[in-house]
Amino acid sequence: MNENEGDAVMLTQPFKQALPILETIINHGYEAYFVGGCVRDLILERDIHDIDIATSASPYEIQQIFEKVIPVGIEHGTVIVRHHHESYEVTTFRIDGKYSDQRHPDAVEFVRDIHEDLKRRDFTMNALAIDIHGRVIDLFKGSEDINQKMIRTVGNSYDRLKEDPLRIIRALRFSSQLGFNIAKDTLQSMQDLRNSIQTLATERILSEFEKLIKGTYINSAFQYLKNLKIDQSLPIFKEYPALIGLLREDVQPFRSFAEFITLFHQLDGSVSIHTWVKSWKCSNKTKHEAIALNEALIYFRYHGLDTYLLYHLPQDLDQSFLNVLDRLFLDHQVTNDVIKTIRSTIVIESKRDLLINGNDLIKMYPDLKKGKWIQDLLQRMEKAVVLNEVRNTKYELKEWIKCNPPVIN
Ligand code: ATP
Ligand code: MG
């Protein structure tokens, strides 16, 4: 055993399930290890979501060894090996070239030594490997840092953060997810290099930031973020220096980035949802969720919570709606149960469920030229039905229409 191989750890079921892949690679004369986040999470006894494997075999050699290989990122040395209906990322030991565009390393170089591969990784806690016997390879005191709950760069913090400034956001993201502190010199370099975040591709920042705001320990991560003034290098926040200060001190985890930008738009209306979405290069999903949440909040300010609000709000946004309310209106009466109860009284799912449709209206008013009045009337009817002002039957809707006739402009 070499001096860097520490105590063995007990492999849990997800690792045992992946062992045959390691064994197969080793039987072909190469090295293979579990590596990165899954090792950290195993030591922390956290749920494992994906198991990453590092190997001395080249992607081409892995393709020769296994039947089902998906070449997802060959140029970075990564292929996916399918085994018992699970996917495993198998990445060839590599060192990264320069990150001259701050997006991807210009080139990667495959190496045959796990030590070289561990050295290129961002934090000591992420630079651990485990062999098939459960022995931990720990070149940078990663286990000790995990025990001390400490985020520390591998090697010189200034050089490593300069090489890829995304690591600054990643440090915050891990502190938010794990509740770890950031080592003093790493913190200092984060401060010194915070401006270089602006050279990163927004998509890379967003992907880490989304994880950051969902973390259990977001509060302490945001303390770091504010103290280091990292917000001053983030889209929107850098143009509105006072924005971050609008958040309450005890910030709670967000469910999504949509919830996050909706809250900020509600706190300061001068940045529109559209601007948020554009500056942060959000997905369409985030955009639509933020618009729906924001409309619900605007309606709420005027009318409070009712069936019509919930009818328009996709149900999977209920919790986000409640979260934003909690953060905005200190004493509102809305709870999950209230939302559920009101939802259960909504009688239609869409206009299509109305028992009088456009054709019926045309027949009812044969003298009227077809036009916008049909849409308008359907919409008013829809609202009346959703608000339980009229029952959704042909007879009652007809009676209602007599009192609420078409409006022709
Ligand atoms: P998660 O459990 O959230 O996926 P993770 O540690 O697996 O966390 P990933 O972003 O999936 O994080 O990255 C996998 C591994 O690759 C990391 O553990 C780290 O060793 C390495 N890594 C990822 N991004 C970087 C980076 N920007 N610089 C250096 N190493 C990185
Ligand atoms: Mg991962």
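The basis for the numbers below is simple: all heavy atoms, side chains too, and nothing from hydrogens, waters or symmetry mates. We count ligands from 1, going down the list as the structure has it; atoms in each ligand are counted the same way.
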query = Quick one: are the ring centres of Phe300 and Phe329 less than 6.0 Å apart?
reply = yes
message = Looking only at the side chains, is there a donor atom on one of Ser58 and Thr92 sitting less than 3.5 Å from an acceptor on the other?
response = no
message = Does ligand 1 come near enough to Lys211 that some N or O of the ligand is less than 3.5 Å from an N or O of the residue?
response = no
query = Is the distance between the ring centroids of Phe34 and Phe15 less than 6.0 Å?
reply = yes
task = May I ask you to check whether Trp276 and Phe237 place their ring centres under 6.0 Å from each other?
result = yes
message = Side chain or backbone, does Gly36 bring an N or O within less than 3.5 Å of an N or O on ligand 1?
response = no
Matching residue for Asp122 among Arg40, Arg152, Arg170, Arg160 - test: salt bridge (Lys or Arg N to Asp or Glu O under 4.0 Å) = Arg170
query = Do the two ring centres, one from Phe209 and one from Phe260, sit under 6.0 Å apart?
reply = yes
remark   = Of Arg160, Arg170, Arg121, Met125, the one whose closest heavy atom lies nearest atom 22 (N) of ligand 1 is Arg170
query = Does even one non-hydrogen atom of Phe123 get within less than 4.0 Å of ligand 1?
reply = no
task = Determine, using heavy atoms of Leu166 and all atoms of ligand 1, whether some pair is separated by less than 4.0 Å.
result = no
task = Output yes when the distance from some N or O of ligand 1 to some N or O of Arg167 is under 3.5 Å, and no in every other case.
result = yes
request  = Pull out every atom of ligand 1 sitting under 4.0 Å from any heavy atom of Arg173, numbered as shown with elements.
outcome  = 1 (P), 3 (O), 8 (O), 10 (O), 12 (O)
ask   = Between Asp52 and ligand 1, does any nitrogen or oxygen pair lie at a separation below 3.5 Å?
value = no
inquiry  = Among Arg121, Glu109, Arg120, which residue satisfies the side chain to side chain contact (heavy atoms under 4.5 Å, CB included) criterion with Asp96?
reply    = Arg120
query = Hey, does His49 come in under 3.5 Å of ligand 1, counting only N/O atoms on both sides?
reply = yes
task = Name the option, out of Asp47, Asp122, Ile169, that contains the heavy atom nearest to atom 30 (N) of ligand 1.
result = Asp122
